Amino acid sequence: MRYQRPKGTADILPGESQHWQYVEAVARQVFKKYRFEEIRTPLFENFEVFSRTSGDTSDIVTKEMYDFKDKGDRHISLRPEGTAGVVRAFVENKLYGPEVQKPFKTYYMGQMYRYERPQSGRQREFHQIGVEAFGSDEPALDVEVIAMGRDLFKHFGIDNLRLAINTLGDKESRDSYRQALIDYLEPHYDELSEDSQVRLHKNPLRVLDSKDEKDKKFVADAPSILDYLTPAAQAHFDQVKSLLTALGIDYVVDSTMVRGLDYYNHTIFEFMVDSKALGHGYTTVCAGGRYNGLVEELGGPEVSGVGFGLGMERLILLMEAEGVQFPEEHHLDAYVVGIGDEANATTLQVVQALRSQDYSADRDYLARKPKAQFKTADRLSAAYTLTVGEAELAAKTIHVKNMASGNEVTAPLADVMTHFAEVISNID
RNA sequence: GCGGUAUUGGUGAAGUUUGGUUAACACACCGGAUUGUGGUUCCGGCACGCGUGGGUUCGAGUCCCACAUACCGCCCCA
């Protein structure tokens with residue numbers, strides 16, 4: 001084995017690729033109903049696009065980014081997530097302009113890159129589907145995005161979802177909560193896990209997310225962000241909750257839920273699922289939230305945004321584990337058996353003629369014996385098997401067999417070449 | 001970046017404990033069973049090599065080292 005694919009990458013082979021196409025098709029169809037349209041942005045951006053938006057201290061920027069200097073000495077990074085690039089494009093193309101209807105609703109799907117240790121469903125090159133909606137502060141938009149996410153999973157055949165929501169409030173709420181959290185945790189500094197001791201001053205909210213048992217007992221009694229919301233932030237969150245209820249969407253409020261990226265504020269949410277395929281207990285399959293201020297961060301006007309992203313590898317793993325039926329698409333209408341070298345040209349002509357009549361058709365290219373060709377026709381589940389041999393060539397006919405019924409007929413070659421539908425209507 | 005487990009053909013794999021002639025078995029695939037008809041049956045074929053590179057040994061798939069990759073856990077997260 002001379003060459004292997006780079007660590008953390010995967011070949012998506014025929015068979016598997018059908019699952020991907022199905023997922024993408026379903027997503028496009030759902031997004032269309034909500035009037036989200038596709039955007040395609042570069043797989044790489046200037047490093048600063050991600051370092052500015054994700055936060056300089058975030059793990060993504062400090063250790064997971066695939067960045068390099070190109071031949072023009074530009075500091076480039078492969079995109080580790082989708083939002084920053086979309087926001088950059090939003091600003092650069094002035095999609096905040098008056099001629100663009102607000103909210104501007106868009107989606108993307110494609111490769112993302114993170115330099116990290118691969119595990120099942122977690123690769124260095126992976127794929128995300130994400131949506132973003134810009135230009136409205138209304139809680140109704142948060143709820144539309146959440147509702148669309150739920151709708152999406154329903155169409156994927158996943159409906160045993162748990163929706164967890166929380167709010168990070170506005171900047172004022174967040175600052176006062178951050179201080180309160182530090183004040184609470186500081187006296188217990190020596191009792192915290194090593195990781196959390198580092199987190200305490202860098203990003204105290206992350207302590208809430210710790211899986212370390214030592215930390216969990218402090219987290220249980222830690223102050224809640226919900227007690228530090230400004231009236232405006234509180235009102236926003238209340239509206240989100242009541243609109244979710246109005247739509248009959250169940251949710252749980254998890255006040256310890258946080259985000260790895262710095263740009264989120266107000267509503268954040270996660271769709272979680274309890275499936276062995278993704279590990280023990282509830283794991284997140286889709287995460288999103290509001291990011292007011294991000295557009296400004298990248299040089300645009302004061303335009304708010306809300307969106308979500310989901311990992312396609314994990315989604316497909318989940319769908320396969322949950323027994324979702326993917327449509328099978330390798331239907332073969334006709335297999336053409338050619339007997340003898342003299343039949344070669346005619347066989348090729350018939351196959352092409354059937355294809356031009358919009359039938360899927362194939363033939364043997366290994367010069368195999370008739371018996372082997374018939375076996376292949378069967379294995380490929382061909383609906384019809386056509387046979388051309390010495391006798392047919394002489395008589396300008398072709399033998400057509402319905403593989404399901406076993407009925408067969410000898411038809412004029414010219415009919416099959418131009419009116420295959422009529423020919424088979426006589427033998428079904 | 002740290003720790004653990006694993007790596008045998010197209011596939012699933014036995015064999016590694018106690019290093020010793022021909023790498024089991026099965027599936028898939030290919031060919032054949034009197035000349036041009038398919039899911040069954042029967043027969044036959046199918047690893048000069050055991051992730052890669054070194055080392056120990058009279059001898060290594062089996063022991064040692066390094067590297068690569070996969071999986072699990074940590075970190076983080078989709």
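Only a predicted model underlies this, so the values are computations on that prediction, with no experimental measurement involved. Letters A, B, ... mirror the listed sequences (proteins, then strands); counts begin at 1.
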Atom OH of A:Tyr113 and atom P of B:rC76: how far apart are they, to the nearest Å?
25 Å
With C1' as the reference atom in both, quote the distance from B:rG61 to B:rU7 in angstrom, rounded to an integer.
12 Å
Judged by nearest nucleotide, the residue sitting upstream toward the 5' end of RNA chain B, A:Pro118 or A:Val285, is A:Pro118
Select base, sugar-phosphate, or nothing to describe what A:Leu310 touches, counting heavy atoms under 4.0 Å on all strands.
nothing
Is the shortest side-chain N to carboxylate O distance from A:Glu125 to A:Arg114 below 4.0 Å?
no
Among B:rU69, B:rG36, B:rG3, find the nucleotide with the atom closest to the side chain of A:Glu390.
B:rG36
Do A:Tyr107 and A:Phe36 have ring centres separated by under 6.0 Å?
no
Indicate, with a heavy-atom threshold strictly under 4.0 Å, whether A:Arg5 touches base, sugar-phosphate, or nothing.
nothing
Rounded to the Å, how far apart are A:Glu313 CD and B:rC71 C1'?
16 Å
Just N and O in the side chain of A:Arg368: are any of them under 4.0 Å from OP1 or OP2 of B:rC30?
yes
Give me the distance, rounded to whole Å, that separates B:rU34 from B:rC43 when you measure between the P atoms they each carry.
16 Å
Looking only at atom types and distance, does a side-chain atom of A:Tyr177 sit under 3.5 Å from a main-chain N or O of A:Pro223, one as donor and one as acceptor?
yes
Rounded to the nearest Å, what distance is computed from the CE atom of residue A:Met65 to the P atom of nucleotide B:rC76?
18 Å
In whole angstroms, how far is the C1' atom of B:rU34 from the NZ atom of A:Lys369?
12 Å
How long is the line joining CZ of A:Arg114 and P of B:rC75, in whole Å?
16 Å
Does A:Arg124 make a cation-pi contact with A:Tyr66 (under 6.0 Å, within 45 degrees of the axis)?
no
Nearest to side-chain heavy atoms of A:Ala391, which nucleotide of B:rG1, B:rG36, B:rA78:
B:rG36
Interatomic distance where CD belongs to A:Gln123 and C1' belongs to B:rC72 [whole Å]:
16 Å
Between B:rC48 and B:rG9, how far apart are the P atoms? Round to whole Å, please.
11 Å
B:rU37 and B:rU69: how far apart are their C1' atoms, nearest whole angstrom?
47 Å
Rounding to the closest angstrom, what is the interatomic distance between B:rC30 and B:rA66 at atom P?
45 Å
Below 30° counts as parallel, above 60° as perpendicular, anything between as tilted: where do the rings of A:Trp20 and A:His127 land?
perpendicular
Given Watson-Crick or G-U pairs with both distances under 3.5 Å, what dot-bracket string fits RNA chain B, with | for other-strand pairs and [ ] for crossing?
((((((((.[[[..)....(....]]].(((((.......))))).....[[[[[..)....]]]]])))))))....
Measure from CD on A:Glu81 to P on B:rC76 and round the result to the nearest Å.
18 Å
Looking only at non-hydrogen atoms, find the nearest pair between A:Phe269 and A:Gly289 and report the distance.
CE2-N, 3.6 Å
Which is true for A:Gly8 with a 4.0 Å heavy-atom rule: it touches a base, it touches only sugar-phosphate, or it touches nothing?
sugar-phosphate
Every protein N/O within reach of nucleotides 37-46 of chain B N/O, cut-off under 3.5 Å:
from   : atom 1 : to       : atom 2 : distance (Å)
B:rG38 : O2'    : A:Asp378 : OD2    : 2.7
B:rG38 : N7     : A:Lys401 : NZ     : 3.1
B:rG38 : O6     : A:Lys401 : NZ     : 3.3
B:rG38 : N1     : A:Met403 : O      : 2.7
B:rG38 : N2     : A:Asp378 : OD1    : 3.1
B:rG38 : N2     : A:Met403 : O      : 3.3
B:rG38 : N3     : A:Asp378 : OD1    : 3.1

Rounded to whole angstrom, note down the C1' distance from B:rC50 over to B:rA6.
14 Å
Write down the distance separating the C1' atoms in B:rA24 and B:rC46, rounded off to the nearest Å.
15 Å
Between B:rC76 and A:Arg122, counting only base atoms on the nucleotide and side-chain atoms on the residue, is there a donor-acceptor pair under 3.5 Å?
yes
Does A:Phe374 offer a backbone N or O that forms a donor-acceptor pair with the side chain of A:Asp378 under 3.5 Å?
no
With the threshold set at 4.0 Å, does a side-chain nitrogen-carboxylate oxygen contact exist between A:Arg122 and A:Glu313?
no
Under 4.0 angstrom, heavy atoms only, what part of the nucleic acid is A:Gln373 near: base, sugar-phosphate, or nothing?
nothing
Report the distance from atom OH of A:Tyr335 to atom C1' of B:rG36, rounded to the nearest whole Å.
14 Å
Is a salt bridge present between A:Glu38 and A:Arg40, judged by a nitrogen-to-oxygen distance below 4.0 Å?
yes
For A:Thr284, which contact category applies under a 4.0 Å heavy-atom criterion: base, sugar-phosphate, or nothing?
sugar-phosphate
What nucleotide among B:rC74, B:rA78, B:rA68 has an atom nearest to a side-chain atom of A:Gln119?
B:rC74
Side-chain donor or acceptor of A:Asn46 paired with backbone N/O of A:Glu48 under 3.5 Å:
no
For A:Glu132, give me all partners under salt bridge (Lys or Arg N to Asp or Glu O under 4.0 Å), at least two apart in sequence or on another chain.
none
Below 30° counts as parallel, above 60° as perpendicular, anything between as tilted: where do the rings of A:Phe104 and A:Phe90 land?
tilted
What's the gap between B:rU57 and B:rC64 when it is taken at their C1' atoms, as a whole Å value?
12 Å
Here's a test of your reading of the structure: between A:Pro6 and A:Glu116, which maps to the more 5' nucleotide of RNA chain B?
A:Pro6
